[in-house]
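Below is one structure, written out as structure tokens, with a few remarks after it.
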Amino acid sequence: DTEVTQTPKHLVMGMTNKKSLKCEQHMGHRAMYWYKQKAKKPPELMFVYSYEKLSINESVPSRFSPECPNSSLLNLHLHALQPEDSALYLCASSQDGKGAPSEQYFGPGTRLTVT
Amino acid sequence: AQTVTQSQPEMSVQEAETVTLSCTYDTSESDYYLFWYKQPPSRQMILVIRQEAYKQQNATENRFSVNFQKAAKSFSLKISDSQLGDAAMYFCAYRRGSWGKLQFGAGTQVVVTP
């Protein structure tokens, strides 16, 4: 099973709203990622969690707040977003570790629209 | 810094024909991995194929194969017997070791015509 699930599939929110994106994997992977992707562009890395600890924050604005409650779950809390934050948000996971397969598996994404 | 370059914004291929997508990368590392991901209109990112830098043998997955030229830092993807379902954006990606960030190229849009 190489499935990463994400909810919701679509989200429309106003600039004053607070919402959360959820991601789940049951592959025993110890690294999880959030990416932002604009149309016709490659994904841009936002955050990396390794063994449930935040290991990389790519200078993402504080209106995006990641959380990793356990090794299978990853959340992205959204608050006071701007219209330019509208994008596809992708979650991914990988096994990582010396000698481990290094490929990342992606979820289907959440299409976010900020109005 | 590592960079990944895909110089073909779009490639068109007829059904049952073969198309080759190019990718070059720049690195001074010896331990790295290269990937091709496919993103169809649904926008689900799907891993197509993986190549370890230390392996000389080119990776193959069914109709998909790569030509890995380590000295030239080239990693092209060949799609044989193209099918309508192969129509998608294809991203080449690089990862240093087992822990590094995944770096993507700009993508190549593959159009398959009947």
Side-chain angles (χ1 to χ4, degrees), chain A residues 1-6 9-10 23 25 27 29-51 53-60 86-113, chain B residues 1-10 21 23 25 27 29 31-55 59 61 64 66 75 87-111:
Chain A
D1 182 12
T2 56
E3 187 179 29
V4 177
T5 60
Q6 289 187 244
K9 286 186 172 26
H10 301 272
C23 173
Q25 58 88 13
M27 296 178 277
H29 289 175
R30 303 319 299 257
M32 296 186 76
Y33 312 79
W34 281 116
Y35 289 87
K36 173 183 177 180
Q37 187 182 26
K38 292 282 199 178
K40 306 280 189 195
K41 298 290 187 184
E44 299 171 22
L45 183 65
M46 300 174 72
F47 303 104
V48 181
Y49 273 83
S50 180
Y51 290 84
K53 294 199 183 312
L54 183 64
S55 60
I56 295 177
N57 176 341
E58 291 288 296
S59 303
V60 178
S86 298
L88 180 70
Y89 287 83
L90 293 165
C91 175
S93 70
S94 64
Q95 187 169 338
D96 278 10
K98 188 172 175 60
S102 63
E103 56 266 31
Q104 294 181 17
Y105 293 94
F106 286 80
T110 294
R111 296 186 193 224
L112 174 67
T113 303
Chain B
Q2 292 83 26
T3 58
V4 180
T5 302
Q6 294 179 248
S7 58
Q8 306 152 315
E10 184 172 306
L21 311 184
C23 173
Y25 59 96
T27 185
E29 303 290 336
D31 177 23
Y32 57 89
Y33 298 81
L34 296 163
F35 307 90
W36 280 99
Y37 281 90
K38 167 186 176 180
Q39 190 174 41
S42 67
R43 301 192 75 185
Q44 168 84 57
M45 288 283 281
I46 302 165
L47 177 67
V48 175
I49 202 163
R50 176 185 80 164
Q51 175 78 45
E52 295 89 338
Y54 63 84
K55 288 188 177 177
E61 286 288 341
F64 297 88
V66 298
F75 182 60
M89 181 73 88
Y90 286 79
F91 291 101
C92 177
Y94 164 99
R95 189 177 193 194
R96 177 175 64 88
S98 297
W99 300 96
K101 296 189 295 186
L102 195 59
Q103 293 181 290
F104 290 93
T108 296
Q109 183 71 48
V110 170
V111 177

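In what follows, every chain begins at residue 1, and chains take the letters A, B, ... in the order their sequences are listed. Just so you know, these numbers come straight off a predicted model, no measurement behind them.
The backbone N or O of B/K101 sits nowhere less than 3.5 Å from a side-chain atom of A/Y33 that would complete a donor-acceptor pair.
With rounding to the nearest 0.5 angstrom, the CD atom of A/Q37 is 5.0 Å from the CZ atom of B/F91. Annotation: the span from A/L88 atom CG to B/M45 atom CE amounts to 9.5 Å, rounded to 0.5 Å. Between the CZ atom in B/R43 and the OG1 atom in A/T110 there is a gap of 12.0 Å [rounded to 0.5 Å].
For B/R95 against A/S94, the heavy-atom pair with the smallest separation is NH1-OG, 3.8 Å. Nearest approach of A/P42 to B/G105, heavy atoms of both residues: CB-O, 3.3 Å.
The closest side-chain heavy-atom distance from B/Y37 to A/Q104 is below 4.5 Å. When side chains are defined from C-beta on, B/Q39 does not count as touching A/P43, because their heavy atoms never get closer than 4.5 Å.
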How far apart are the C-alpha atoms of B/Y33 and A/E103, what are their side-chain angles, what is the distance that settles it, and do they pass the side chain to side chain contact (heavy atoms under 4.5 Å, CB included) test?
-> CA-CA 8 Å; B/Y33 298 81; A/E103 56 266 31; over 6 Å; no
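Of the atoms belonging to A/S55, not a single heavy atom falls under 4.5 Å from chain B. Of the atoms belonging to A/E44, not a single heavy atom falls under 4.5 Å from chain B. For chain A, the nearby part of B/Q109 is the side chain; its heavy atoms alone come within less than 4.5 Å.
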